[in-house]
There are 2 protein chains.
Amino acid sequence: MKLTSKGRYAVMALADLAKFNSTNPVSLRDISLRQGISLDFLEQIFLQLKKHEIVISIRGTNGGYILNKEPVDIKIANILNAVDEEVKTVQCKKESKKSCNGKTAKCITHNLWDELQNHINDFFENKNLRDLIVNNPESRI
Amino acid sequence: MKLTSKGRYAVMALADLAKFNSTNPVSLRDISLRQGISLDFLEQIFLQLKKHEIVISIRGTNGGYILNKEPVDIKIANILNAVDEEVKTVQCKKESKKSCNGKTAKCITHNLWDELQNHINDFFENKNLRDLIVNNPESRI
DNA sequence: ATATACTTGACTATTTTAGTCAAGTATAGA
DNA sequence: TCTATACTTGACTAAAATAGTCAAGTATAT
């Protein structure tokens, strides 16, 4: 799980999409203008979101993207994994699993980082797009 | 709060120090050899740890470093803040605080990232050096 | 037809990371 | 006092990651 601007933009774009989702596809151009994200960068991001079946693209005039699932079924973890595919934490890579038993300073921090990683994962596993929208009473879903 | 190798090395080095803390100062050379961290890099790290009063340096032959407090009083958050001083999260910088009310996709993710940041901070605020050591029964404190 | 919109891959400036290098200063013990 | 050991400080840098840009398409609705 990496936490980058790319991931944040993906969540932003999908939150935007969830709000304007009702009937029509939403064009990246609109999202770009509303959220202030470069169109080219959005295309890169939505390519990944489409590959991971989070959105569906609709081509042609008045085309755009729509969500492939209900907002409640799209976990934030899914989104972040889609655009920043490699799960990379700062951790000791030299130890093999079996030799790493938490008995050296190296492996003590290894365990600490793993534990943090789990906390972060849980956090994003337990949040979905709908959670983000409903915290925002003025919005229309 | 940044999570880098530098921060992890700092925690590793202090865990090592806590284990060999009993009577004598521990030289960076020893830590370097035991933990496989470059001596030059350790010096950079310990300069910061000293400035933040986490360790005390003892010069001269058989000198080295000792902890400035009991392990239980050294929070992991203190360590990470000492070596990676800038608190930097991926977040929206364009909004002023007052205009950011969680009503746009931008600010929705802003809130999400802030919430995560708090989770991570809590995690490290509630762990201290002693916690790391006591999970390691074979070690001597 | 053709404008609109999505697709794909290559490319890159900037910043960050994870150190290295050099030239010191201070102190303990012989 | 001498000098080996250890800490101090600041400048420098190769490599990787980040955050995009650019170019040249292809597909489809109207």
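It should be emphasised that the depicted structure is a prediction, and the values quoted were computed from it without experimental measurement. Letters A, B, ... mirror the listed sequences (proteins, then strands); counts begin at 1.
Y9(A) comes within contact range of the sugar-phosphate backbone alone, with a heavy-atom separation under 4.0 Å but no base atom that close.
Between K50(A) and Q44(A), the residue anchored nearer the 5' end of DNA chain C, judged by the nucleotide with its closest heavy atom, is K50(A). The nearest heavy atom of DNA chain C to D40(A) and to T61(B) marks one nucleotide each, and the one closer to the 5' end goes with D40(A).
N68(A) is not listed as a side-chain neighbour of V55(A), based on a closest heavy-atom distance of 4.5 Å or more.
Between the CZ atom of F46(A) and the P atom of dG20(D) there is a distance of 15 Å, rounded to whole Å. One atom, CD1 of I45(B), and another, C1' of dT20(C), lie 14 Å apart when rounded to the nearest Å. Rounded to an integer number of Å, the gap from CZ of F41(B) to C1' of dA11(D) is 16 Å. Put simply, NZ on K6(A) is 20 Å from P on dT14(C), counting in whole angstrom units. Summarising the geometry, the separation between CG on N24(A) and P on dT4(C) is reported as 17 Å, rounded to the nearest angstrom. Put simply, CD1 on I58(A) is 10 Å from P on dA29(D), counting in whole angstrom units. Here the C1' atom of nucleotide dC7(D) and the NZ atom of K51(B) are 14 Å apart, to the nearest Å. Between the P atom of dA18(C) and the CG atom of L47(B) lies a distance of 18 Å, rounded to the nearest Å.
Classification of K69(A) and E53(A) as a salt-bridged pair fails, no side-chain N sitting under 4.0 Å from a carboxylate O.
The shortest distance between the side-chain N/O atoms of S38(B) and the OP1/OP2 oxygens of dT20(C) is below 4.0 Å.
Closest to the R29(B) side chain, of the nucleotides dT7(C), dT21(D), dA6(D), is dA6(D). When each of dT21(D), dT8(D), dC6(C) is scored by its nearest atom to the side-chain atoms of S57(A), the top-ranked nucleotide is dC6(C).
You won't find any donor-acceptor pair under 3.5 Å spanning the side chain of E43(B) and the base of dT20(C), going by distance alone.
Linking ILVMFWY side-chain heavy atoms closer than 4.5 Å, directly or via other members, places L39(B) and L14(B) in a single hydrophobic cluster. Residue L47(A) is not grouped with residue I45(A) when hydrophobic side chains (ILVMFWY) are merged at heavy-atom distances under 4.5 angstrom, including chains of intermediate members.
Formation of a donor-acceptor pair under 3.5 Å by the N128(A) side chain with backbone atoms of I74(A) is not found in this model.
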